[in-house]
Amino acid sequence: MQKPVSRRFGVPLYWQLLAVALFSGSLLLGTGDANAAWSVDPVLRKAEKRYGRSGPAKDRLQAWHDLLESGRRLTERQQLQAVNREINRQVRFSDDTALWQRRDYWATPVETLAKGAGDCEDFALAKYFTLLQLGIAPDKLRITYARALELNQAHMVVTYYETPDAEPLVLDNLVDDILPASRRTDLALRYAFDTQGLYAMNGRAFKRVGSTTELPFWQGLLARMEKEGFTL
């Protein structure tokens, strides 16, 4: 199911700068140890102090907690479906200018769920960290920058690789169905990153083009997550 056009996209300036850095050879991607295990309970206790013990924010965070608990009993494909469906259901689209009064801001999963709103990268980041916590191997997941071709706008999704050479599945806030990349003819995948490095599309496959050391948006995100109680 495709979402209304007016609620689909964030347009982060950062990704335009990323493209320049990639092809100038100047970018090193900083991740920290983003795939480390963490306990959701300390995160939720801190969130309660910040956002309150009742109300919509608490309800969304509790639903996320329930998803993390129940999701451990699912197969990987079921985990993908459950996480994609739940984050799409709980979060409405809002651009960073309206939500954070900034041109570009990468929200933590807690911030996104507490607000109940975010742009494309916030959907992707919430799904990415939730899937890691459910136990999906880090080398199967990437946060992927794409172009939405019909509207010629920047977009971000999560891609899942069942095996290293498999065609990726796309988890997206535009389309609720999880489809292989070849069936997403509305998207052109361009760049991606994970806990190991940065990748650029080369022909029909991604090629690693950077290491994992110094990406300010990512480092800022991880620092705020640690303050929220995540162990990274």
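Being a predicted model, the structure only gives us computed values, none of them experimental. One is the number of the first residue; the rest follow in order along the sequence.
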Audit row: V43, V110, side-chain contact (heavy atoms from CB on, under 4.5 Å) steps and yes/no: CA-CA 8 Å; V43 173; V110 167; 3.5 Å; yes

Joint cluster assignment, I178 & L131, ILVMFWY side-chain distance < 4.5 Å: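 I178 clusters together with L131.
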
L132-L74 co-clustered via ILVMFWY side chain contacts under 4.5 Å: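 Different hydrophobic clusters.
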
Whether the side chain of [X] engages the backbone of [Y] through a donor-acceptor N/O pair (distance < 3.5 Å, no angle test) should be reported.
X    : Y    : answer
N88  : D176 : no
R208 : Q196 : yes
D177 : L179 : no
R60  : A114 : yes
K46  : K227 : yes
Q79  : G71  : yes
E86  : L67  : no

Verdict with reasoning, D59 to Q62, per side-chain contact (heavy atoms from CB on, under 4.5 Å): CA-CA 5 Å; D59 293 343; Q62 183 60 49; 5.7 Å; no

Atom pair [atom1] ([X]) and [atom2] ([Y]), whose distance is rounded to the nearest 0.5 Å:
X    : Y    : atom1 : atom2 : result
R72  : L68  : CZ    : CG    : 6.5 Å
H155 : E121 : NE2   : CD    : 10.0 Å
M225 : E111 : CE    : CD    : 9.5 Å
L169 : T159 : CG    : OG1   : 9.0 Å
Y161 : T163 : OH    : OG1   : 11.0 Å
L198 : R142 : CG    : CZ    : 10.0 Å

Mind checking what makes salt bridge (charged side-chain N to carboxylate O under 4.0 Å, His left out) contact with [X], not counting sequence neighbours?
X    : result
R85  : none
E69  : none
R183 : none
E76  : K140

Among D194, L171, L187, L189, the one residue meeting side chain to side chain contact (heavy atoms under 4.5 Å, CB included) with T144: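 By the side chain to side chain contact (heavy atoms under 4.5 Å, CB included) criterion, T144 pairs with just one of D194, L171, L187, L189: L189.
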
Do [X] and [Y] have side chains that approach each other closer than 4.5 Å (heavy atoms only, starting at C-beta)?
X    : Y    : answer
L113 : I87  : yes
D186 : L149 : no
D96  : R103 : no
W64  : Q90  : no

Check against side-chain contact (heavy atoms from CB on, under 4.5 Å), V91 and D122: CA-CA 9 Å; V91 180; D122 300 326; over 6 Å; no

Nearest atoms (heavy-atom pairs only) where V158 meets A124: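 Shortest heavy-atom separation between V158 and A124 comes out as CG2-O, 3.2 Å.
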
Heavy-atom closest contact (R224 atom, A107 atom, distance):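 Where R224 meets A107 most closely, the heavy atoms are NH1-CA, 4.2 Å.
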
Residues that F206 engages under ring pair (Phe, Tyr, Trp, His ring centres under 6.0 Å), provided they are two or more places apart: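 Counting only residues at least two positions away or on another chain, F206 forms no ring pair (Phe, Tyr, Trp, His ring centres under 6.0 Å).
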
Verdict with supporting geometry, N84 and Y160, side-chain contact (heavy atoms from CB on, under 4.5 Å): CA-CA 12 Å; N84 196 59; Y160 165 84; over 6 Å; no

Ring geometry between W106 and W218 (parallel below 30°, tilted from 30 to 60°, perpendicular above 60°):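 W218 and W106: perpendicular rings.
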
Whether Y145 and Y191 hold their rings parallel, tilted or perpendicular, with breakpoints at 30° and 60°: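 Rings of Y145 and Y191: parallel, as their planes differ by under 30°.
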
Working for salt bridge (Lys or Arg N to Asp or Glu O under 4.0 Å), residues R184 and D172: CA-CA 10 Å; R184 291 300 307 273; D172 193 359; 2.8 Å; yes

Remaining members of the apolar cluster that contains W100, side-chain heavy atoms under 4.5 Å: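 Cluster partners of W100: L99, Y105.
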
